[in-house]
Amino acid sequence: MKILVTGGLGFIGSHTVVELQNKGYEVVIIDNCSNSSPDVIKGICEITGKDLVFEKFDLREKDKVQEFFKRHNDIEGVIHFAASKAVGESVEKPLLYYENNLSTLVYILQQLADKASASFIFSSSCTVYGQADELPITENAPVKTAESPYGNTKQIGEEIIRDTCKVHPALKAIALRYFNPIGAHPSAEIGELPIGVPQNLIPFITQTAIGLREQLSVFGDDYPTSDGTCIRDYIHVVDLAKAHVVALQRLLEGKNASNYEVFNVGTGTGSSVLEVIQSFEKVSKEKLNYKIVERREGDITAAYADTTKANNELGWKAKSSLDDSLTSAWKWEQKVRS
Ligand code: UD1
């Protein structure tokens, strides 16, 4: 069965391609390589020993999207990762984010909407909840006003899919709201490759430990949490990748409760920044150079998932611990720099 993975050479996309191939799916990737490299294909093939089809183009080119679906009219499912994801950049370049993240979504849905049947998985984010009033966060928590154009594209993206599904009953879709994806494949054949200075915590930690960055700044220790640093739900990227496969299977097998569903994908456990550092130091046996600095604007205090819905309805549960995730992230960093 043929599945299209857009953004399949990116961090979460590449790990999902591996899990799809492991389950016997035939994978076609579209990626414009704006934040990834065709070399990732080697890593994927090294792990799975299977072939894949790769087409390099930009999904903003509507003609190419149309022409692609004409050639591949046997695609039964689409997992749509391709999007821009830097919060700060989205504030600087809102139109780029609305074009990249929303026009591409519309062009793909236009191709799927009138098919006899189609299954669609969307990369959403826990950012849609903002600072939730109650923790852990369930899918029923209200969507808060977005803090950035990036966050807004995830909210609007979900609305576009929901509205489309309402009038196209043969289209089935699931939005997965990711918490904080980290780690790398345990083989260290694929992982996260941030361009320039990493904005996210884990690549900044591993790059500091390897000597690429001098010091990690911990953004604030005066939050109302047990040690004063922010709390997040860090999920191993392989667990997250597996959630995509079970969500897709649910749609392909018609086990969905309605034709548009939303699931949180996290571990259910919150960890503070200092707990992450401790865990990293334990598994890497490296002393991390860090200092506490001012809060980062726009950071929320705490977010972690209630995963009951995904556990019960998808039959999926994150298996890796924070230590496992950081072990794999460190192994990947060492391999990339060797
Ligand atoms: C960030 C984005 C979020 C996006 C997600 C994608 C912001 C405000 N939010 O989430 O919209 O969906 O990435 O992965 O950018 N930290 C440090 N020092 C650092 C980096 C981070 O102390 O150098 C802290 C942060 O303050 C935060 C935690 O580490 O408490 C995690 O930060 P990060 O990895 O950037 O993720 P989020 O902010 O949760």
Side-chain angles (χ1 to χ4, degrees), residues 7 10-13 15 35 81 83-92 97 101 122-132 135 137 143-155 157-158 175-183 191-209 212-237 240 264-267 270-280 288-305 322 325-326 329:
F11 174 43
I12 307 170
H15 289 83
N35 196 20
F81 293 104
S84 300
K85 59 160 195 167
V87 176
E89 186 189 42
S90 80
V91 175
E92 306 287 321
Y97 271 66
N101 294 5
F122 179 62
S123 292
S124 191
S125 167
C126 68
T127 193
V128 303
Y129 299 117
Q131 179 58 70
L135 294 170
I137 304 171
V143 168
K144 296 265 177 83
T145 306
E147 291 274 351
S148 69
Y150 159 75
N152 211 19
T153 65
K154 293 300 170 193
Q155 298 191 2
E158 288 193 4
L176 296 178
R177 292 176 175 164
Y178 314 153
F179 281 68
N180 288 58
I182 61 164
E192 192 173 7
L193 272 176
I195 293 173
V197 181
Q199 306 298 309
N200 295 113
L201 179 63
I202 280 45
F204 207 106
I205 288 179
T206 56
Q207 289 196 8
T208 305
L212 266 183
R213 314 270 153 218
E214 204 183 314
Q215 188 173 53
L216 168 77
S217 296
V218 173
F219 298 135
D221 69 346
D222 56 351
Y223 285 93
T225 62
S226 57
D227 63 21
T229 62
C230 294
I231 290 177
R232 297 287 184 274
D233 184 338
Y234 297 94
I235 174 167
H236 195 299
V237 66
L240 175 57
N264 283 343
V265 189
T267 65
S271 306
S272 73
V273 178
L274 293 179
E275 284 168 346
V276 172
I277 293 172
Q278 267 168 20
S279 165
F280 177 78
L288 192 74
N289 183 20
Y290 71 90
K291 80 164 182 217
I292 312 287
V293 302
E294 290 295 291
R295 290 181 177 198
R296 178 172 70 178
E297 205 186 311
D299 267 342
I300 53 164
T301 303
Y304 52 95
L322 182 61
S325 299
L326 293 169

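All of these numbers come straight from a predicted model, not from anything done at the bench. Just so you know, ligand 1 is whichever comes first in the structure, and atom 1 is the first atom listed for that ligand. In this chain, numbering begins with 1 at the start of the sequence shown.
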May I ask you to identify, for [X], whether its side chain, its backbone, both or neither come under 4.0 Å of ligand 1 on a heavy-atom basis?
{"X": "S217", "result": "backbone"}
{"X": "V276", "result": "neither"}
{"X": "K85", "result": "neither"}

Subset of ligand 1 atoms that lie under 4.0 Å from at least one heavy atom of [X]:
{"X": "C230", "answer": "30 (O)"}
{"X": "T127", "answer": "11 (O)"}
{"X": "Q199", "answer": "20 (C), 35 (O)"}
{"X": "S125", "answer": "12 (O)"}

*asked:* Quick check: closest heavy atoms across E275 and L322, and the distance to 0.1 Å?
replied: O-CD2, 4.3 Å
*Taking all non-hydrogen atoms of both residues into account, name the closest pair between S272 and T229 and its distance.*
CB-OG1, 3.2 Å
[X] (side chain) donor-acceptor with [Y] (main chain) under 3.5 angstrom:
{"X": "Q155", "Y": "K144", "answer": "yes"}
{"X": "N101", "Y": "K154", "answer": "no"}
{"X": "Q131", "Y": "A302", "answer": "yes"}
{"X": "D233", "Y": "T267", "answer": "yes"}
{"X": "Y97", "Y": "A86", "answer": "yes"}

Which residue and atom name correspond to the protein heavy atom nearest [atom], and how close is it?
{"atom": "atom 25 (C) of ligand 1", "result": "D299 OD2, 3.5 Å"}
{"atom": "atom 24 (C) of ligand 1", "result": "V273 CG2, 3.8 Å"}
{"atom": "atom 38 (O) of ligand 1", "result": "R296 NH2, 2.8 Å"}
{"atom": "atom 22 (O) of ligand 1", "result": "F219 N, 2.9 Å"}
{"atom": "atom 33 (P) of ligand 1", "result": "N200 ND2, 3.5 Å"}

*Is it the case that S84 and Y150 place a side-chain donor and acceptor less than 3.5 Å from each other?*
no
Counting only heavy atoms, tell me which of [options] gets closest to [atom].
{"atom": "atom 39 (O) of ligand 1", "options": "R232, E192, R177", "answer": "R232"}
{"atom": "atom 3 (C) of ligand 1", "options": "V218, V87, D233", "answer": "V87"}
{"atom": "atom 36 (O) of ligand 1", "options": "N180, V128, I182", "answer": "N180"}
{"atom": "atom 4 (C) of ligand 1", "options": "Y290, F179, Y150", "answer": "Y150"}

*Quick one: does Y234 get within less than 4.0 Å of ligand 1, heavy atoms only?*
yes
*For L201 and F219, run side chain to side chain contact (heavy atoms under 4.5 Å, CB included): C-alpha distance rounded to whole Å, both residues' side-chain angles, the deciding distance at 0.1 Å, then the answer.*
CA-CA 10 Å; L201 179 63; F219 298 135; over 6 Å; no
*asked:* So if I apply the side-chain contact (heavy atoms from CB on, under 4.5 Å) rule between I205 and each of V276, N200, I182, which one comes out positive?
replied: V276
*Below 3.5 angstrom, do we get any N/O pair linking L201 and ligand 1?*
yes
*Below 4.5 Å, heavy atoms only, C-beta onward: do I231 and T301 meet side chain to side chain?*
no
